[in-house]
Amino acid sequence: MSSKIEQIITEIEEYIDNCKFQPLSTTKIIVNKDDIDELLSELRLRTPDEIKKYQKIIANKDAILNDAKERSEAMISEATAHINQLVSEHEIMQKAYAEANAIIEQAQNEAQSILDSATSEANDYRNRAVQYTDDILANLQNILTNGISNFESAQNTMMSSLNDSLNTVLQSRKELGAQEDDTPVADKELSEDDDLTLDLL
């Protein structure tokens with residue numbers, strides 16, 4: 001992977017980390033469509049030239065096969081013309097047939113070999129292009145998954161700390177209420193709320 005693609009993926013990761021969560025949700029975030037589209041467009045523009053070459057070869061697969069077919073037909077046509085020239089000479093007719101059959105067989109074998117090679121090359125380029133693209137997407141998926149997991153962990157830690165602080169405050173007020181006989185009734189009722197916790201969504 002080129003260094004530019006790594007940089008773009010890092011920018012996407014930082015962008016995701018800085019997105020706000022939807023109200024009442026700890027897993028869904030609010031994403032600006034224009035911003036993420038711009039980052040993805042930049043990623044596509046930086047796709048390695050090798051991938052573009054593979055895509056071009058795949059797009060031109062039919063042209064490659066047609067060229068191979070034309071070459072094979074030209075070989076057969078040349079062989080046929082040679083046969084016609086040989087058979088016109090009666091004294092060497094038997095030799096002409098044998099030589100003609102050999103030429104046709106050779107032409108057909110070469111034509112088939114060209115077609116097989118062209119098909120195999122086009123399929124290989126396609127498979128490599130698909131695999132490379134899938135590797136890039138898999139890496140991006142891991143980055144996004146880890147970013148979301150890290151954010152949720154930090155949020156849970158913060159919530160636990162806030163709940164501990166609230167319980168400490170409530171316990172302190174309760175102890176103060178036990179020491180003062182003239183504590184207002186409203187404060188005494190509040191101090192009895194031993195299990196009150198802070199729960200933010």
Side-chain angles (χ1 to χ4, degrees), residues 1-69 113-173 190 193-201:
M1 182 183 299
S2 67
S3 58
K4 184 61 181 176
I5 289 183
E6 291 177 345
Q7 179 181 343
I8 296 173
I9 290 177
T10 299
E11 292 176 3
I12 293 175
E13 179 183 9
E14 293 175 351
Y15 176 80
I16 295 297
D17 288 341
N18 291 327
C19 287
K20 295 181 178 179
F21 281 94
Q22 289 185 1
L24 307 180
S25 175
T26 59
T27 58
K28 296 181 180 179
I29 59 175
I30 300 174
V31 177
N32 185 292
K33 184 177 185 299
D34 292 337
D35 291 343
I36 199 67
D37 283 346
E38 182 178 349
L39 291 172
L40 293 176
S41 296
E42 179 67 13
L43 183 61
R44 281 191 290 268
L45 289 175
R46 296 295 177 175
T47 301
D49 292 338
E50 183 179 2
I51 292 296
K52 294 181 180 179
K53 181 180 71 174
Y54 294 161
Q55 292 172 338
K56 182 178 180 181
I57 290 176
I58 292 171
N60 294 333
K61 180 180 179 181
D62 290 341
I64 294 173
L65 296 177
N66 288 335
D67 179 69
K69 182 179 179 181
S113 178
I114 291 172
L115 286 171
D116 292 342
S117 178
T119 301
S120 177
E121 182 179 6
N123 288 335
D124 180 63
Y125 282 152
R126 178 184 179 280
N127 291 336
R128 290 167 64 186
V130 170
Q131 182 61 49
Y132 189 89
T133 302
D134 185 65
D135 289 343
I136 292 176
L137 293 177
N139 186 45
L140 179 58
Q141 177 183 345
N142 289 335
I143 290 174
L144 295 177
T145 300
N146 290 336
I148 292 173
S149 177
N150 291 337
F151 185 90
E152 290 178 347
S153 177
Q155 186 183 47
N156 290 336
T157 300
M158 180 188 70
M159 292 297 299
S160 177
S161 178
L162 289 174
N163 279 323
D164 289 343
S165 298
L166 177 60
N167 287 331
T168 300
V169 169
L170 293 174
Q171 182 63 30
S172 297
R173 294 195 66 196
L190 178 62
D193 247 342
D194 295 333
D195 295 331
L196 182 60
T197 59
L198 178 62
D199 190 7
L200 299 179
L201 297 180

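Every value quoted in this text rests on a predicted model; they were computed, and no experiment measured them.
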Is any side-chain heavy atom of [X] closer than 4.5 Å to a side-chain heavy atom of [Y]?
{"X": "Cys19", "Y": "Ile30", "value": "no"}
{"X": "Asp135", "Y": "Asn139", "value": "no"}
{"X": "Val31", "Y": "Ile29", "value": "yes"}

At what distance, to the nearest 0.5 angstrom, does [atom1] of [X] lie from [atom2] of [Y]?
{"X": "Asn167", "Y": "Leu162", "atom1": "CG", "atom2": "CG", "value": "11.0 Å"}
{"X": "Leu137", "Y": "Tyr132", "atom1": "CG", "atom2": "OH", "value": "11.5 Å"}
{"X": "Ile148", "Y": "Ile143", "atom1": "CD1", "atom2": "CD1", "value": "12.5 Å"}
{"X": "Met158", "Y": "Asn163", "atom1": "CE", "atom2": "CG", "value": "10.0 Å"}
{"X": "Met159", "Y": "Asn156", "atom1": "CE", "atom2": "CG", "value": "8.5 Å"}

Partners of [X] by side chain to side chain contact (heavy atoms under 4.5 Å, CB included), sequence neighbours excluded?
{"X": "Glu11", "value": "Gln7, Leu39"}
{"X": "Asp34", "value": "Asn32"}
{"X": "Thr119", "value": "Leu65, Asn123"}
{"X": "Thr27", "value": "Ser25, Glu152"}

Ser172 side-chain N/O to Thr168 backbone N/O, donor-acceptor pair under 3.5 Å: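 Between the backbone of Thr168 and the side chain of Ser172 there is a qualifying donor-acceptor contact (under 3.5 Å).
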Any donor and acceptor pair, going by atom type alone, linking the side chain of Ser161 with main-chain N or O of Thr157 inside 3.5 Å?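 Here the side-chain-to-backbone pair does not exist.
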The criterion is side chain to side chain donor-acceptor pair (under 3.5 Å); which residues satisfy it with [X], sequence neighbours excluded?
{"X": "Gln141", "result": "none"}
{"X": "Lys33", "result": "Asp37"}
{"X": "Gln22", "result": "none"}
{"X": "Asn60", "result": "none"}

Positive for side-chain contact (heavy atoms from CB on, under 4.5 Å) with Glu14, one of Ile16, Thr10, Ile12: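 For Glu14, the side-chain contact (heavy atoms from CB on, under 4.5 Å) test succeeds with only one of Ile16, Thr10, Ile12, which is Thr10.
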Do you see a donor-acceptor pair shorter than 3.5 Å between the side chains of Gln131 and Asn127? no
Using the salt bridge (charged side-chain N to carboxylate O under 4.0 Å, His left out) criterion, which residues pair with Asp124? Sequence neighbours excluded. Arg128
